A.B. asks: 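Let me give you the structure first, and then I'll get to my questions.
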Amino acid sequence: MLDDLKKIWYPIASSSDLPKRHVYHAQLLGREFAVWRADDGNVNVWENRCLHRGVRLSIGINEGTELRCQYHGWRYANRTAGCTYIPAHPADAPSRTICNNTYPMKEFMGMVWSGEETFGDPTYFENFDEFTVLRPIPINANFDLVKELVKSKYDKLNYLCKDEVNGAFSVTFERSETILFFVQPQDSNLSVLRGVANKALEGAKKISFLKMHNQILQNSRQEIEKISKTMKNNPMIAQISNVSVELSELPEKSEKNRQANLRVMVSEKIKTAEGIVSIKFEALDGQLPTFQPGAHIDLHLQSGLIRQYSLVNGPGETNFYNIGVKLEEESAGGSSYIHNNLRVGDVLACSTPRNNFPLRRDSVKTIFVAGGIGLTPLLAMAQALNVMNLNYEFHYFVKNAKHIAFSSILEKSKDKVFIHEGFSPSLTVEKLSRILSKRQKSMNLYVCGPGPMLEATRRVASELSWPDKSIHFEYFKNNNEIDDSSCFEIELARSALTLNVPSGKSVLEVLRENGIDLPSSCEQGACGTCKVNVIEGEVDHQDVYLNDSEKLEGNIMMTCVSRALSNRLILDI
Amino acid sequence: MKIGCNDKVILDQWHPISSVDVLQIGDIHNTVLLDTDISYQLDVNGDALAWLLFDNSKTLLPIRIFYGFLWVSLGTPPEFLFPFPEFDEPDRRNVATGVFGVNVSAGRTIENFLDMGHFPYVHSGILGEEPHTEVKEYDVEVSEERDEVLATSCKFYQPQAAVSSMEGMDVDYIYRVPHINCALLYKSSPVDEARLDVIIIFVQPMGEEWVRAHTGMCIIDDDSTAKEIRQFQQTIFGQDKPILENQYPKKLPLDSRIETPIRADKSAISYRRWLSKKGLQYGVIPSAI
Amino acid sequence: MLELYDYELSGNCYKIRLMLSFLNLNYTSKKVEFYPSKEHKSESFLELNPLGQLPVIFDQSVVLRDAQAILVYLAAKYDKSKNWYPIDDPDKLGFISQWLAFGDSITGSSSAARLHDTLFYGNFDIVKCRETAHSQFRILDEHLFFQEELGNKWICNGSHASIADIACFPYVALSEEGGISRMSYPAIRRWMDRFKRINGFVVMPGVFPAGPL
């Protein structure tokens, strides 16, 4: 019988029971729920149990987009019920998704409906487009008893009582005013009697209507509970489902190599442009390590992902790290986590800043070409040149004015900043030709932006005779497909080791497996951290970090993605 | 006259029922242990006695005084309780800080005592504070020869480590579980850096989901009054109680698939495995095999 | 300087700590140890309050016992806004007194159950205690529901909380420690969230803060 009831949709709350930033405590067929309305209006019906140590989520905090458990501060996201933040482990965040158990939810007729094992849609009642929800009455009695006695009460008052679907019943009064009653079975001796009238009442009329039925039902309750006291039913036991085997095991410590030895706290998160947030981090303890313009940090996100972000800081701004993050349309979780779940006060682990994109300060003039979010490292560079009173031009290509980020920093250099809005690819090339045609000796070009823009700029610069050495670029990601099918040997000159690199494994992985702990960051061939010098052999460059001359020279390789064209490489490690 | 429990593992243990300092000679007290009503007293000779409440013949139960508490067994207990040498050091103050009722199992109570991750949330401003929420990696050993669980190298940021300090700092902790329902926390004494203060919790299982938690401190300290020490303990306990009573299942689940551990829970996981290995049934949900 | 004879785990003392915080008044806390030494029944304390109960307040020459009386005194004397205890509005004062008495009766049920479960106070019928608390909570929940319908957020009419809310809050908030669940009282649970968001709200062990709105 209990199994049949589990398939029924029951109302478990009035819509008005879910005000802003509140968590409502419900129970149905022995199972407790934490029910909360997010700021976007969505109602979440979750098992009332944090998966960590079983603490009730109904004593937790509704923070608008997430529910925070009172015990250890774990946060669970609206809709998905996925855990987005575990304060105890800023660095070793497991890359597994911990998700609370959720239940189906429908909101209509002024109430929130759910069910243990329902599917599809609940029954919608005709003639209830306008409605007034009665005050719900908790009753210490079994739902069958409640229905029987409430029906008989109204029956004795000569109103027409009718059975409706799924245990509901209706009572019709004068002038076809009907109240639909639902008895929500919380436990074997506990129910909530809910009623909805088929007219929309307001003001004093509504209150007196509600009071009238409230009184009738509470009087009914007295009689019901007297009878119920003589009955003894076994409690309904809700099964606790097992977590997956993976989640039940203690997670591994994260790899030592992608070290994130700094602990930082989000001190500021503000929207700086359409789809771009500016985040500031402060040290949890002590002083943040120093950095140069062009440096980036590895940020370890609670979702288990590691992402690289350039520091936007100007020289001397050593009390914080400032980054800009663009929400990628097809976010693999990094930018969407930062935009939607990261909060001021959260603690994250990050690496010491790495500078693989250094700024030359010996240029007669520097040209910066920034595309979209690519302006971040260049902004740090421009501020450095400001301090040294060195000349530069800062060309910032954006889709439109709404996409101009960090405008307050750009303001500081306004006479050197040129914003180009809404240029098509061909117009961009035209503009670039004009910008780069004014080349003189000892000028340097720094470019950062989306792949195609980077390529176009490098090509135009090359065509306009900019030497390779003077074109400095940074890719944020490597969009090339890595072909790791080759198989070759590497000889380590200093370690007197010869290792085999099979297909499917990178040089970096093989080195680590053999105790050689190379630092790495993006691990996709964009940032330059994992580079080693090559003494002999022909490198198969698959990175986007080295420029063409460097690749031709073949003295450096990126061990995370690059491989060998020859049978063997001799590396200087 | 019946003993309400038939789990031999727990019956053959010593269980704390009262601190000695609250007992007046001659007064008879009643309590519940393992679903069994018992009576106890310190008689005119100063001897501790206990018997089943409804036993008219008042057959005496095994009873001893260890570490300032009365311990009783409803089965065949070992000769000695676990060692606790600090208790007898001459310059120690042993303060019983009160016994509190909690509607949850003994296992959950012990696990909460071992947990550091909740300090910034439940004991905010006292034992921890946001954003210093990280539980750094620590070591756990389950010693077969000593039959105990030991967590060492535990570190947690405390906002105000001592009354005199202006800022917070990382405090080192050692946690020890030498008995299925007893735990000791060792932390550096503010008075003598080379020695450790001990905070104890000895849990009396009244029922499977209902306990009396006997608390105390064994410290090297001359400045605080016993009243101040007790008040501190009561504050901490008052903050933990609603959390403990809102956990379910109330019994400690020994099956690993009921809950999701993180690395900070290493000591709890070891504790659960240790209990499982002993074959404990009372107050726990045994592992499904 | 105001002196409060205070015990941290006492809900009645918490009422006064709340009022003092809401009114931003400085005070010294004289700790009286209710448990385990029963200091509130000591000879010296009985001289202050022959009923042997906490809290007691000293304000220069004024010595008062009884949490509700102290709330009236502090609000009437120190609340310049006259919101907490509107001394110029006798209707409101009548209502407030009605609910102060109600708050006191919750001490008899919810607080007693809590003492029973936490500190093993015996000698009374715990089942009856809990039943009484539930019937009181039903009345409070019904009242708060209809107050909400009228656009009121508090126990008494008006846009500001009154000492009636303070008098009822602690032992409602601590009821679960005595085995009295609040699941069936959604209007009370909403009122508790609102109360916790009042400027100056402070917690006590057993009470969690609400998140911001």
Side-chain angles (χ1 to χ4, degrees), chain B residues 17-24 29-32 37 95-104 118 120-127 130 204 206-207 209-216 224-248 250, chain C residues 5-11 13-14 17 29-40 42 44-45 54 110-123 126 130 170-183 189 192 196 202-212:
Chain B
I17 56 172
S18 173
S19 62
V20 175
D21 60 356
V22 299
L23 297 177
Q24 305 280 9
H29 305 270
N30 297 330
T31 190
V32 181
D37 292 293
V95 184
T97 51
V99 60
F100 308 98
V102 196
N103 282 308
V104 82
H118 72 288
Y121 297 98
V122 181
H123 306 299
S124 183
I126 308 174
L127 299 180
E130 282 181 286
Q204 169 190 346
M206 296 174 79
E209 297 180 353
W210 182 36
V211 302
R212 265 160 66 92
H214 300 269
T215 64
S224 322
T225 62
K227 189 170 144 184
E228 281 167 350
I229 296 171
R230 288 194 295 260
Q231 209 225 272
F232 176 80
Q233 189 63 265
Q234 289 181 12
T235 301
I236 298 300
F237 207 85
Q239 292 169 334
D240 278 325
K241 189 169 145 88
I243 293 286
L244 286 169
E245 293 180 334
N246 272 299
Q247 276 182 292
Y248 64 90
K250 285 189 181 286
Chain C
Y5 284 77
D6 187 18
Y7 176 63
E8 181 151 29
L9 297 184
S10 158
C13 294
Y14 180 42
R17 297 197 297 264
S29 179
K30 312 266 281 191
K31 310 244 189 270
V32 178
E33 195 186 53
F34 180 87
Y35 170 82
S37 63
K38 289 201 172 57
E39 204 184 333
H40 59 301
S42 67
S44 51
F45 189 79
L54 288 164
S110 172
S111 168
R114 177 173 173 251
L115 286 177
H116 173 273
D117 282 8
T118 313
L119 297 180
F120 307 100
Y121 274 56
N123 294 334
I126 182 64
R130 292 190 185 121
Y171 290 115
V172 168
L174 296 167
S175 72
E176 297 186 337
E177 291 189 24
I180 299 149
S181 164
R182 294 187 294 275
M183 180 178 73
R189 295 181 84 255
M192 279 176 60
K196 289 177 179 183
V202 290
V203 296
M204 69 165 272
V207 177
F208 298 114

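Values in this document were obtained by computation on a predicted structure and should not be read as measured data.
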A.B. asks: Using non-hydrogen atoms and a 4.5 Å limit, figure out which bit of C:E176 sits close to chain B: side chain, backbone, both or neither.
C.D. replies: both
A.B. asks: Which value, rounded to the nearest 0.5 Å, describes the distance between B:T225 atom OG1 and C:K31 atom NZ?
C.D. replies: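 Interatomic distance, B:T225 OG1 to C:K31 NZ, rounded to 0.5 Å: 11.0 Å.
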A.B. asks: Tell me which of these, B:I236, B:V102, B:I243, B:N246, has more heavy-atom pairs under 4.5 Å with chain C than the rest.
C.D. replies: B:I243
A.B. asks: Restricting to non-hydrogen atoms, name the atom on B:F100 and the atom on C:L119 that form the minimum distance, rounded to 0.1 Å.
C.D. replies: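 Smallest heavy-atom distance, with atoms named: CD2-CD2, 3.9 Å.
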A.B. asks: Given a strict heavy-atom distance threshold of 4.5 Å, which part of B:K227 is in contact with chain C: side chain, backbone, both, or neither?
C.D. replies: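 Both backbone and side chain of B:K227 come within 4.5 Å of chain C.
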A.B. asks: Is it the backbone or the side chain of B:V22 that comes under 4.5 Å from a heavy atom of chain C, or both, or neither?
C.D. replies: neither
A.B. asks: So which heavy atom on C:G206 is nearest to which on B:P242, and how close?
C.D. replies: CA-CG, 3.7 Å
A.B. asks: Is it true that the side chains of B:Q231 and C:E33 contain a donor and an acceptor less than 3.5 Å apart?
C.D. replies: no
A.B. asks: With a 3.5 Å distance limit and no angle check, can you tell me whether C:Y35 reaches the backbone of B:Q234 through a side-chain donor-acceptor pair?
C.D. replies: no
A.B. asks: Might you point out which heavy atoms bring B:T235 and C:P205 nearest each other, and give the distance in Å?
C.D. replies: O-CB, 3.6 Å
A.B. asks: I'd like to know which of B:R230, B:E228, B:Q239, B:H123 tops the heavy-atom pair count under 4.5 Å against chain C.
C.D. replies: B:R230
A.B. asks: Working to the nearest 0.5 angstrom, can you tell me the gap between C:T118 OG1 and B:E245 CD?
C.D. replies: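 Output value for this atom pair is 6.5 Å.
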